[in-house]
There are 2 protein chains.
Amino acid sequence: MIVANAVSRAPGQFPGLALNAVKPGLLGLFSRQPLETHESGSAIFWEGDAATHVFKVVEGVLRIFKILADGRRIITGFIYPGEILGISLDERYLYTAEAVNEVKLRRLGLNRFREAIDESAELRPLFVARICEEMASAQNRMVLLARKSAEERVCSLLLELARRAPRRPGPIVVELPMNRLDMADYLGLTIETVSRTVTSLTHRGVITPSSRYAFEIRQLSNLACLAGEVEEGDNALADAGMAQQASRPH
Amino acid sequence: MIVANAVSRAPGQFPGLALNAVKPGLLGLFSRQPLETHESGSAIFWEGDAATHVFKVVEGVLRIFKILADGRRIITGFIYPGEILGISLDERYLYTAEAVNEVKLRRLGLNRFREAIDESAELRPLFVARICEEMASAQNRMVLLARKSAEERVCSLLLELARRAPRRPGPIVVELPMNRLDMADYLGLTIETVSRTVTSLTHRGVITPSSRYAFEIRQLSNLACLAGEVEEGDNALADAGMAQQASRPH
DNA sequence: CGTTGAATTGATACTGGTCAATTCTAGTGG
DNA sequence: CCACTAGAATTGACCAGTATCAATTCAACG
């Protein structure tokens, strides 16, 4: 069996690169690309632009969003280091991507990316898996936006960030790279509601603010409950869904 | 590289199939599969089930939805004839799929489907394109759920159905296969709000009900405007998105 | 023509939005 | 090191839109 492309080799085959840590999988495609820096608030591309590149975030966080004609904004996602941006797109970008803070990333031509995927039987399932993750996340966002209360939304975000954050020893501390407006536009709320909710959670001892942009989570399970999610081993999902009966908590 | 299974051959390799009106593209994969019928309200599969098949809807409409622990439901999409269900999934189905009315569909083993895609350089881009469509639609749903008013939501649904429906000569009539509860759970509203909004649109002459489940659209452009979408040739999208300023219509 | 579930309509409550004032925080310059 | 400033976040008062609860009407079907 011959693997006929330059991307997928065992790390040891290029001594120079091996030191340079060629990553396996989709991220490895970006290893040879130069690193570019975007300052906080700058756009990587705009919704509707012709799609030309795919990006890998190395450092910093991106927000991707869409805007209605009158300025209402909805952030459809945040992209963290190690994640890929622009993987699912058509001719044109579906959304605008902006740097939340200073961002370092590598870009790859869309055609090159697609060819690499298309030619590698190893990468293809990774690509599909990645897209499915994105889809699963999008569906969870729909649930949140359609049916969750303000408090459940804020808790869901904290929980998501807690899970995404590096696990350090000691108490769980969530760092928020984004400001309150970003949080609000991600959750479909206003900054005032986000602020009030955070205050309330603090007063009730669910979280303890270390700063405006970092919170210690007192009990993760408690947060998960408040987020409207069901913990492992819970049986609450059972028979909630007899056909034609739904959406009436009471 | 040896592919050791019986399923995946290039389409041209079976002359019999070529004559048998094999549809091109992804839908063609289902041509040889038997037709099965599901009565209104029955589930095709449940969220969390091990994912085993992909489906093509031939007749009728499906709803796909997720449910929170306390019974709140959100319909993430409706699947119409000619569309494929279950294309983006992991090990397990991400949602439950139910028949809105009597549904006829064909099913294909997930492994067979994936192998067929994986081995056909023709199908792969179609598959990617299909997933990207799904993603684009999911993102539009997020915008709707996060930032649109009840009226904008209802108009968006009518508009979507109008675009999806077969174009007959004469006035544009939208048929709704689903009941008010389905509409509500699709739009993140309650049945009462949906009902009131429809009444209001009727009184204002935007739509004219032919029955409870069919409406004539008086002016499509009007509806698009009320849906918060911008018509072709409109310039309203321009510079709505200066960084850090958003989500304040006024 | 009565029954039943769906849809509509009405009255009221409440969550979250809006507008405005205040406080906090990170810079900046004296 | 300490005002001063500007933007962000918080807090408060009030309001609007949608949910909730209840009653009524509608439409399909026996």
Side-chain angles (χ1 to χ4, degrees), chain A residues 40-41 68 70-74 100-101 144-157 176-203 207 209-215 226 228 242-250, chain B residues 40-41 68 70-74 100-101 144-155 176-203 207 209-215 226 228 242-250:
Chain A
S40 172
L68 286 171
D70 60 3
R72 285 174 286 180
R73 181 178 77 158
I74 167 70
V100 168
N101 42 25
L144 178 143
L145 293 169
R147 292 289 179 221
K148 287 191 180 178
S149 70
E151 181 168 293
E152 288 172 318
R153 295 181 198 205
V154 171
C155 290
S156 296
L157 173 58
L176 306 177
M178 73 291 289
N179 61 22
R180 295 290 187 267
L181 181 56
D182 283 339
M183 292 173 69
D185 285 348
Y186 183 70
L187 299 174
L189 299 170
T190 60
I191 45 176
E192 292 93 336
T193 299
V194 170
S195 186
R196 277 186 250 273
T197 306
V198 166
T199 303
S200 161
L201 290 172
T202 302
H203 285 155
I207 58 179
S210 327
S211 81
R212 266 180 176 175
Y213 299 103
F215 298 92
L226 290 173
M242 289 309 292
Q244 304 289 6
Q245 308 215 79
S247 281
R248 290 281 173 158
H250 273 287
Chain B
S40 172
L68 285 172
D70 60 2
R72 284 173 287 179
R73 183 179 74 158
I74 167 71
V100 169
N101 42 27
L144 179 143
L145 294 168
R147 292 290 180 219
K148 287 190 179 179
S149 70
E151 181 168 294
E152 288 172 317
R153 295 182 199 205
V154 171
C155 290
L176 305 178
M178 73 292 288
N179 62 22
R180 295 290 187 268
L181 181 57
D182 283 339
M183 292 174 68
D185 285 348
Y186 182 71
L187 299 175
L189 300 170
T190 61
I191 46 176
E192 292 94 334
T193 298
V194 170
S195 186
R196 277 185 248 274
T197 306
V198 167
T199 302
S200 160
L201 291 172
T202 302
H203 285 155
I207 58 179
S210 328
S211 81
R212 266 182 176 173
Y213 299 104
F215 299 92
L226 290 173
M242 291 308 293
Q244 303 289 7
Q245 308 215 76
S247 282
R248 290 284 173 158
H250 276 287

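Chain naming here is simple, since letters A, B, ... match the order of the sequence lines and numbering starts at 1 in each. Just so it is clear, the structure is predicted and the values come from calculations on it, not from any experiment.
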Check every atom of D:dT18, C:dA7, D:dT10 against the side chain of A:Ser195 and return the nucleotide holding the closest atom.
D:dT10
Salt bridge check: are A:Arg73 and A:Asp182 linked by an N-O gap of less than 4.0 Å?
yes
Is a side-chain donor-acceptor pair under 3.5 Å present for B:Thr197 with B:Ser200?
no
Does the side chain of A:Tyr213 get closer than 4.0 angstrom to OP1 or OP2 of D:dA9 through an N or O atom?
yes
Donor-acceptor pair under 3.5 Å: do we get one between B:Arg196's side chain and the base of D:dG17?
no
At 4.0 Å (heavy atoms only), tell me whether A:Arg180 reaches a base, stays on the sugar-phosphate, or touches nothing.
sugar-phosphate
Of A:Gly188 and A:Arg212, whose closest DNA chain C nucleotide lies nearer the 5' terminus?
A:Gly188
Steps toward salt bridge (charged side-chain N to carboxylate O under 4.0 Å, His left out) verdict (B:Arg72, A:Glu152)
CA-CA 13 Å; B:Arg72 284 173 287 179; A:Glu152 288 172 318; 2.7 Å; yes
Modelled atom types, side-chain donor and acceptor of B:Thr199 and B:Thr202, under 3.5 Å:
no
Between D:dC21, D:dT18, C:dT18, which one does the side chain of B:Glu192 approach most closely?
D:dC21
Against the side chain of B:Thr190, the closest entry in C:dA6, D:dA19, D:dT18 is D:dA19
In whole angstroms, how far is the P atom of D:dT10 from the CG atom of A:Leu181?
13 Å
Could you check how far CZ of A:Arg147 sits from C1' of C:dT15, rounded to whole Å?
15 Å
